[in-house]
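Computed from a predicted model, the values in this text were never measured in an experiment.
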Amino acid sequence: IKTVALDSPGGAVTEALAIGSLIRDKGYETSVAAGALCASSCPLVFAGGRERLATDRSAIGVHQIYAAAPTGSLTSQLQAAGNAMSDAQTLTARISRYLSKMGVADEVWLRALETPPDRLTYFSPADLTRLNLVTRLTK
């Protein structure tokens, strides 16, 4: 294996961080082909690549992390909401450290934090390069 080709709408953030770290540890490249999608948590996996390859027609986007709405009594809902907020802040710190370790600009995560979970913010080709999310952008 030399390159991990990505085309994914995303998934669980904790697992994406683990996969990205494994990719980096193994020294693999990551790529998002023209017309392929790498969204939600997928850019975290992508960031793990020793080299990160994309084209000007790759769709790479992010949004806020979120948890399912709590159920049960009002007291248990409030407690669950408080725990979810604490967990989200802890996960935010992990993501920030991870992206920094991968050499990716903080603005990638800031864009995710600014984008509601039911939407996506896509990075332009210029953004991908400027933010060091890609190490090589092709036409």
In short, disulfide bond (SG atoms under 2.5 Å apart) pairs touching residues 97-133 with sequence neighbours left out are none
Would a single hydrophobic cluster contain both Leu6 and Leu131, if residues Ile, Leu, Val, Met, Phe, Trp and Tyr are joined by side-chain heavy-atom contacts under 4.5 Å? yes
List the steps and the verdict of side-chain contact (heavy atoms from CB on, under 4.5 Å) for Phe46 and Ile60. CA-CA 9 Å; Phe46 181 67; Ile60 301 174; 4.1 Å; yes
d(Arg50 CZ, Lys2 NZ) to nearest 0.5 Å is 9.0 Å
If only atom types and distance count, is the side chain of Ser8 paired as donor or acceptor with the main-chain N or O of Gly10 below 3.5 Å?
yes
Just list the side-chain donor-acceptor pairs under 3.5 Å for residues 13-25, sequence neighbours left out, or say none.
from, atom 1, to, atom 2, distance (Å)
Ser21, OG, Leu17, O, 3.0
Arg24, NE, Gly48, O, 3.0
Arg24, NH2, Ala47, O, 3.4
Arg24, NH2, Gly49, O, 3.0

Evaluate side-chain contact (heavy atoms from CB on, under 4.5 Å) for Leu120 paired with Thr115, printing each intermediate quantity in order. CA-CA 7 Å; Leu120 282 170; Thr115 306; 5.5 Å; no
Could you walk me through whether Leu53 and Thr30 pass the side-chain contact (heavy atoms from CB on, under 4.5 Å) check? CA-CA 6 Å; Leu53 317 171; Thr30 53; over 6 Å; no
Residue set satisfying side-chain hydrogen bond (donor to acceptor under 3.5 Å, both in side chains) with Thr55, at least two apart, ordered chain then number -> Ser58
Inset, instruction - Take atom CG of Asp106 as the centre, draw a 6.0 Å sphere, and report whether it contains more than 12 heavy atoms from other residues, nucleotides or ligands. - result: no
Residues 94-105 vs side chain to side chain donor-acceptor pair (under 3.5 Å), sequence neighbours excluded, gives none
Thr129 meets the side-chain hydrogen bond (donor to acceptor under 3.5 Å, both in side chains) criterion, sequence neighbours left out, with none
So the salt bridge (Lys or Arg N to Asp or Glu O under 4.0 Å) pairs with at least one residue in residues 120-135 (sequence neighbours excluded) are Glu107-Arg130, Arg111-Asp127, Asp127-Arg130
Practice task
Decide yes or no for Val62 and Phe123: does some side-chain heavy atom of the first lie under 4.5 Å from some side-chain heavy atom of the second?
Solution key: yes
Between side-chain atoms of residues 32-43 and protein atoms elsewhere (two or more places apart, or another chain), which donor-acceptor pairs fall under 3.5 Å?
from, atom 1, to, atom 2, distance (Å)
Ser40, OG, His63, NE2, 2.9
Ser41, OG, Gly11, N, 2.9
Ser41, OG, Gly11, O, 3.1

- Query: What about Tyr28 and Met102, same hydrophobic cluster or not, with Ile/Leu/Val/Met/Phe/Trp/Tyr joined at side-chain heavy-atom distances under 4.5 Å?
  - Reply: yes
N/O donor-acceptor pairs under 3.5 Å from side chains in residues 132-139, not counting sequence neighbours:
from, atom 1, to, atom 2, distance (Å)
Asn132, ND2, Gly103, O, 2.7
Thr135, OG1, Glu51, OE1, 2.9
Thr135, OG1, Arg52, N, 2.7
Thr135, OG1, Arg52, O, 3.3

